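The structure under discussion appears below in the form of structure tokens.
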Amino acid sequence: MTTALYAVTDPTSGEVLRTFPTITDHALRDVIAAADRAHAEDTSFVADRAALLHRVAELYRERRAELAATIVREMAKPIDQALGEIDFCADIYDHHADHAEEFLADQPITLAAGSEGSAFIRRASIGVVLGIMPWNFPAYQIARFAGPNLLIGNSVLLKHAPQCPESALAIEQVFTDAGFPAGAYTNVFASNEQVADVIADPRVRGVSLTGSARAGAAVAEIAGRNLTKVVLELGGSDPFILLSTDDLDAVVESAVATRLEGNGQVCNAAKRFLVADDLYDDFLAKFTAAMSAVAPSDPSVPGAELGPLSSTAAADRLQEQLEAATAQGATVETGGQRTGNAFTPTVLTGVTPDNDAYREEFFGPVAAVYRVADEDDAVRLANDTPYGLGSYLFTTDADQALRVADRIEAGMVYVNIVGADSPELPFGGVKASGFGRELGALGADEFVNKKLIRIG
């Protein structure tokens, strides 16, 4: 068996701060058995599980500073954003607990005319579910997966990204201290080979992955062979469409905020900026100036807007993409300088369909700006991507907003707003961005047995 080591590596210096060995095969078999046993022996009521989730939210708030500092240490997210991530997690757990009865309520079915009796759908847990989580939101990704599944009564196995082991252990401790029974939530430092075995185990009834399209395809293939339910949240190259505005400065502020969040390493951040011809020159000038005004700094200092990328490998990949983009004809309007693993905010123009950058996702502080002739041109360009996660639309025309939203091939459309994720709003995409939803009522409905009960 290949032994992969989980490690905390300083994103700035590359220094390995702490390492953790992968779980043994024998221990992993015991973990799956314990999770299966916890599900089989669970006699709790929905209200009981909701109370435990409320306690989880309380512990997140009590340990807010510690959990956020761990995120900064592991992947260099600016501290203010890391604190916001922890706050959002607490809200997610509280929201699902508050709406527990609603999410799991019986759903009556109106019988066809002439039928006697009644029928309804009753939602029930399905068993052990596996979450495979990424490094860019070490706490939030877990919250949106584990919250609804623990509420439903499923047992959760959590395989975190190899660079976030301290977050993984700290979060596992939260669930333990909140009072969840042994086996209900278990962190596993598993290798990729071991993960494949977990998915193939008949006691594991579902798997949710957030990550790359390549990882999603690999997980879906294994899940398909074993008839295991799968939810995938993969990459994105979200369009930011500007058709009209009465406050260009505010739009530019929103554009910078969504592009630089998480050091530019957010799946559903805007990455392609599609600007109507009459606004293009002014937008580009203001956007370039605003991006140029932000410099990488120490992410642990309050007020930091941009830190280094999460790892040397991530920085190398972004540098290769930028070099290829310019070699194939793109123009760097500002930025592109690398110091260590940090990049200055970068604006590209002149990215054409024959440039690899046209269809790639830039996972770093890089924005591509395009001029569009009109609404139809904007929709065509927005949809000309393998991805379909989120999208952003700015317009002063309410009818146009709904018309364009209907035409965008994405799982989410935000109109005249960015940074509006909320516990009640479903998250997910289409095309190469995956399938299934997390958060809200739709997220709570993924890993459940929607059992028909027909009474004559």
Side-chain angles (χ1 to χ4, degrees), residues 10-13 68 71-72 75-85 136-137 236-240 242 245 247-275 279-312 314-315 317-319 321-323 325-326 330-349 351 357 361-370 392 394 414 417-421:
D10 186 326
T12 301
S13 67
I71 291 173
V72 177
M75 55 79 60
K77 179 171 293 187
I79 182 60
D80 296 341
Q81 295 178 31
L83 289 166
E85 180 176 344
N136 58 341
F137 285 92
S237 188
D238 292 9
F240 182 110
L242 172 57
T245 180
D247 190 344
L248 184 59
D249 289 338
V251 173
V252 168
E253 183 178 349
S254 293
V256 173
T258 182
R259 184 67 290 250
L260 297 186
E261 181 189 0
N263 305 328
Q265 302 165 122
V266 177
C267 296
N268 65 317
K271 300 182 176 78
R272 298 177 298 135
F273 296 80
L274 287 46
V275 185
L279 293 170
Y280 179 87
D281 291 334
D282 287 343
F283 174 86
L284 181 61
K286 290 176 177 289
F287 183 53
T288 300
M291 291 281 276
S292 301
V294 179
S297 61
D298 183 349
S300 67
V301 177
E305 296 179 75
L306 182 67
L309 297 195
S310 61
S311 66
T312 300
R317 169 61 178 156
L318 189 65
Q319 182 175 348
Q321 287 181 290
L322 282 172
E323 290 174 352
T326 55
T331 298
V332 176
E333 300 289 342
T334 188
Q337 287 82 43
R338 176 182 178 181
T339 303
N341 292 332
F343 285 80
T344 53
T346 306
V347 176
L348 298 178
T349 58
V351 177
E361 175 184 21
F362 280 88
F363 222 53
V366 178
V369 184
Y370 300 81
Y392 303 86
F394 282 76
Y414 288 88
I417 193 169
V418 300
D421 294 346

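Since this is a predicted model, take the numbers as computed values, not measurements. Sequence positions, counted from 1, serve as the residue numbers for this chain.
For the pair Y370 and Y280, the tightest heavy-atom approach, listed with the atom from each and the gap, is C-CE1, 3.6 Å. Here the shortest heavy-atom pairing between L248 and K286 reads CD2-CD, 3.7 Å. Of all the heavy atoms in F363 and C267, the pair that sits closest is CE1-N, 3.8 Å. Nearest approach of P308 to S297, heavy atoms of both residues: CD-O, 4.4 Å. Of all non-hydrogen atoms in V351 and A368, the two that sit nearest each other are CG2-CB, 4.4 Å. Taking all atoms of both residues into account, the shortest heavy-atom contact from A76 to P299 is O-CB, 3.3 Å.
Among the candidates D238, T258, D421, N268, the single residue satisfying the side-chain hydrogen bond (donor to acceptor under 3.5 Å, both in side chains) test with Y414 is D421.
Judged by distance alone, with hydrogens and angles left aside, the side-chain atoms of N341 form no donor-acceptor pair with the main-chain N or O of A315 at under 3.5 Å. Side chain of T331 to main chain of E333: no donor-acceptor pair is present (N/O by atom type, distance under 3.5 Å, no hydrogens or angles). Side-chain N or O atoms of Q81 include none that pairs as donor or acceptor with a backbone N or O of P78 at under 3.5 Å.
For D282, the side chain to side chain donor-acceptor pair (under 3.5 Å) test picks out no residue, with sequence neighbours left out. Among residues two or more places apart in sequence or in another chain, the side chain to side chain contact (heavy atoms under 4.5 Å, CB included) test is passed with Q337 by T344. S311 is linked by a side chain to side chain donor-acceptor pair (under 3.5 Å) to nothing, counting only residues two or more places apart in sequence or in another chain. Partners of F137 according to the ring pair (Phe, Tyr, Trp, His ring centres under 6.0 Å) rule, which considers only residues two or more places apart in sequence or in another chain, are Y140. Listed by chain and number, the residues in a ring pair (Phe, Tyr, Trp, His ring centres under 6.0 Å) with F283 are F287 (sequence neighbours excluded). For P345, the side chain to side chain contact (heavy atoms under 4.5 Å, CB included) partners are L260, M291, V294, L306, not counting sequence neighbours. Scored by the salt bridge (charged side-chain N to carboxylate O under 4.0 Å, His left out) test, E85 finds K77 as partners (sequence neighbours excluded). In this structure E305 satisfies the side chain to side chain donor-acceptor pair (under 3.5 Å) test with no other residue, sequence neighbours excluded. Take Q321 and apply the side chain to side chain donor-acceptor pair (under 3.5 Å) test, not counting sequence neighbours, and it matches E360. With sequence neighbours excluded, the residues that form a side chain to side chain contact (heavy atoms under 4.5 Å, CB included) with V301 are D298. Looking at residues two or more places apart in sequence or on another chain, you find a side chain to side chain contact (heavy atoms under 4.5 Å, CB included) between S292 and T288, T334.
Applying the salt bridge (Lys or Arg N to Asp or Glu O under 4.0 Å) test to every pair with at least one member in residues 252-271, sequence neighbours left out, gives these pairs: K271-E361.
No side-chain heavy atom of N263 sits less than 4.5 Å from a side-chain heavy atom of P296. Using a 4.5 Å heavy-atom cutoff, the side chains of V251 and F273 are not in contact. Residues L322 and V332 are not in side-chain contact: their nearest non-hydrogen atoms beyond the backbone lie 4.5 Å or more apart. Looking at V418 and Y392, their side chains come closer than 4.5 Å, going by heavy atoms from C-beta outward. Side-chain contact check for V275 versus V369: some heavy-atom pair is nearer than 4.5 Å.
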Run T346 and F362 through side chain to side chain contact (heavy atoms under 4.5 Å, CB included) and show every step you take. CA-CA 11 Å; T346 306; F362 280 88; over 6 Å; no

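Within the model, atoms CG of L318 and CD of E323 stand 10.0 Å from one another, a figure rounded to the nearest 0.5 Å. Within the model, atoms CG of L309 and CG of N136 stand 12.0 Å from one another, a figure rounded to the nearest 0.5 Å.
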